[in-house]
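Proteins get letters first, then strands, A, B, ... in listed order; numbering begins at 1 in each.
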Amino acid sequence: MKCDEVQQLHGPYLDSELDAKTTLEVQQHVATCPECARVLTAQAKADTRIMAGLKLGQRTPALWEQVEQRVIATARSNARPRCTTSGSQPISWWRELLWPSPWAWAGGAAAWAMIFLVNYSVSVSSEGASLARSPAPPPAAIEMALAQRRILMASLFDPQSSAKANAPRKTLPPRPRSELKTDWLHA
Amino acid sequence: MRDTATSHADRFLALLKPIERDLETYGRRLVWEPQDAPDAIQNAVMRAFAAFDRYHEDASFRAWMFKILTREAFALNRKHARIARHEFQLEPEELAGLPFNGPPDKPGNEMRPSEELNDTLDQNMVAGLKTLTETERAVLLLRAIGDLRYREIAESLDIPLGSVMGNLARARQKMRALLARAARRINVSKET
């Protein structure tokens, strides 16, 4: 391994991010190259100072107390069933009020099904009742209906009678224009 | 149901407690505007808690929290992006024009040695971070404060492993140059 290659690997080497083979190669090179050893030592010292400097910081108790209280309050409010959108977004109170739980949706669906069934059964029973309540047709009407049915059956099975039945009607001559109703013009 | 929710929160807070200091330090160093840090931290924690159901025990909670906080901080930084570009991003040479961050020499301003040193170092670090791009800064801080592996940093920032190495090398180079410059200035002031 050459000096410039080793110097490029100083960072990952100091961070213990190199694989075992490359680590060994860097160590072997540094052991035999005083210049690379000097650069590596200086770099390690500077990086330690930088890392230590960046790590300097304090925990603000008031901030974390507030954060923890918010977490606990959220956990308590989540304990009762409530609606969620993406799971992470807070929900406004009015939306929560108008957004019932899945049980409410199931109850609503059941109520609608009941209403439909009741309506259906009432309409069926009222149809039957209206038929039962209607008066029986007179015997003449029954005879006429039967006669019509006989003619229809005959027309189906007897072509001659059907031809007679299908004969064109005698058309009336057109009425004179003077007899046509024109009062709608003045309406 | 209430007990389950409370134990869920307890479990979350038990994992959060040991990393609170590091999270706060990271948040404060990553945001452009110092007053945004508490908001970034609170938003990140609440977002993490909301998604805690999806957190797997085999994953690193530390890496997961740092990832969420990084996104929150970036989102807040984007709000100040225009200002940040003109006001906060400094070239290393521009740092020479900044007030000297050495120890105070006026009577009555003395601090205890460790505090004094820490304060000086901290001011230099803050100044140095301003010379970094957002990605360089995040990579350096995730490594320094988060103690994350390169692979975890790559996942947190959605960048390739090679970019992590490149950004980290550049960030360290800039910070080393800054420290060397600061050391030279301290030596000069001592001599005079």
Side-chain angles (χ1 to χ4, degrees), chain A residues 4-19 22 39-82 84-91 101, chain B residues 1-10 12-13 16-17 20-29 37-38 41-42 44-54 118-122 124-125 128-129 140-141 143-145 147 149-151 161 164-165 168-169 171-173 175-176 178-180:
Chain A
D4 55 342
E5 288 175 322
V6 170
Q7 282 172 18
Q8 278 187 349
L9 294 174
H10 277 177
Y13 172 75
L14 293 170
D15 289 332
S16 307
E17 289 277 351
L18 296 176
D19 58 47
T22 317
V39 171
L40 184 65
T41 308
Q43 203 166 315
K45 201 187 271 183
D47 285 355
T48 307
R49 277 187 69 194
I50 291 166
M51 295 300 183
L54 290 174
K55 264 182 165 298
L56 282 177
Q58 287 182 345
R59 177 184 175 277
T60 312
L63 169 68
W64 288 101
E65 199 174 311
Q66 196 182 344
V67 168
E68 286 170 13
Q69 278 174 1
R70 273 188 71 187
V71 167
I72 291 165
T74 308
R76 283 186 182 150
S77 63
N78 283 347
R80 60 190 173 84
R82 53 189 298 171
T84 55
T85 48
S86 62
S88 59
Q89 297 294 323
I91 299 148
S101 69
Chain B
M1 197 161 190
R2 183 165 287 240
D3 289 343
T4 315
T6 314
S7 68
H8 187 67
D10 289 344
F12 177 78
L13 292 175
L16 183 68
K17 203 119 203 154
E20 283 177 354
R21 184 181 158 276
D22 286 345
L23 274 179
E24 187 176 341
T25 308
Y26 177 70
R28 289 191 186 281
R29 297 221 185 272
I41 293 164
Q42 288 205 29
V45 171
M46 295 315 293
R47 200 168 283 277
F49 182 61
F52 192 50
D53 289 333
R54 299 194 289 276
N118 284 351
D119 191 55
T120 307
L121 192 58
D122 194 53
N124 283 324
M125 287 299 152
L129 286 173
L140 181 68
L141 294 175
R143 178 66 206 153
I145 304 169
D147 281 328
R149 311 291 301 169
Y150 286 6
R151 184 183 47 77
L161 201 61
V164 172
M165 293 169 73
L168 191 55
R172 279 174 165 160
Q173 186 71 40
M175 295 298 281
R176 271 186 231 122
L178 171 91
L179 279 184

Practice task
Could you look at B:Ile145 and say if it's the side chain, the backbone, both or neither that has a heavy atom under 4.5 Å from chain A?
Solution key: both
Handout entry: Pick from B:Leu168, B:Ile41, B:Asp53 with the largest number of heavy-atom pairs that fall under 4.5 Å of chain A
Key = B:Ile41
Problem - Side chain / backbone / both / neither for A:Gln8 at chain B, heavy atoms under 4.5 Å - result: neither
Completion exercise
Checked A:Glu17, A:Arg59, A:Gln66 vs chain B; the most non-hydrogen pairs under 4.5 Å come from A:Glu17
Practice task
Might you point out which heavy atoms bring A:Leu63 and B:Pro38 nearest each other, and give the distance in Å?
Solution key: CD1-CB, 3.9 Å
Problem - Partners meeting ring-ring contact (aromatic ring centres under 6.0 Å, His included) with B:Phe12 (sequence neighbours left out) - result: B:Phe49, B:Phe52, B:Phe61
Practice task
Could you please state which residues from residues 39-48 of chain A sit under 4.5 angstrom from chain B, measuring non-hydrogen atom to non-hydrogen atom, sorted by number, or 'none'?
Solution key: A:Gln43, A:Ala46, A:Asp47
Fill in the blank from the handout: So CG of A:Leu56 and CZ of B:Arg28: to nearest 0.5 Å the spacing works out to 14.0 Å
Handout entry: Nearest heavy-atom neighbours spanning A:Ser16 and B:Arg149
Key = O-NH2, 2.9 Å
Practice task
Could you tell me whether the side chain of A:Tyr13 reaches within less than 4.5 Å of the side chain of A:Val6, counting heavy atoms only?
Solution key: no
Fill in the blank from the handout: Note: A:Gln58 and B:Thr25 closest approach over all heavy atoms is N-OG1, 4.3 Å
Handout entry: Results of side chain to side chain contact (heavy atoms under 4.5 Å, CB included) for A:Met51 - residues two or more places apart only
Key = B:Leu140, B:Arg143, B:Ala144, B:Arg172
Problem - Options B:Glu24, B:Arg151, B:Gln42, ranked by heavy-atom pairs under 4.5 Å with chain A, top entry - result: B:Glu24
Practice task
Please collect all salt bridge (Lys or Arg N to Asp or Glu O under 4.0 Å) contacts where either partner lies in residues 66-75 of chain A, sequence neighbours excluded, each pair once.
Solution key: A:Glu68-B:Lys17
Exercise for the section: Would you give the length of the straight line joining atom CG of B:Asp22 to atom OH of B:Tyr26, rounded to the nearest 0.5 angstrom? Expected result: 12.0 Å
Problem - B:Met175 versus chain A, the contacting section by heavy-atom distance below 4.5 Å - result: both
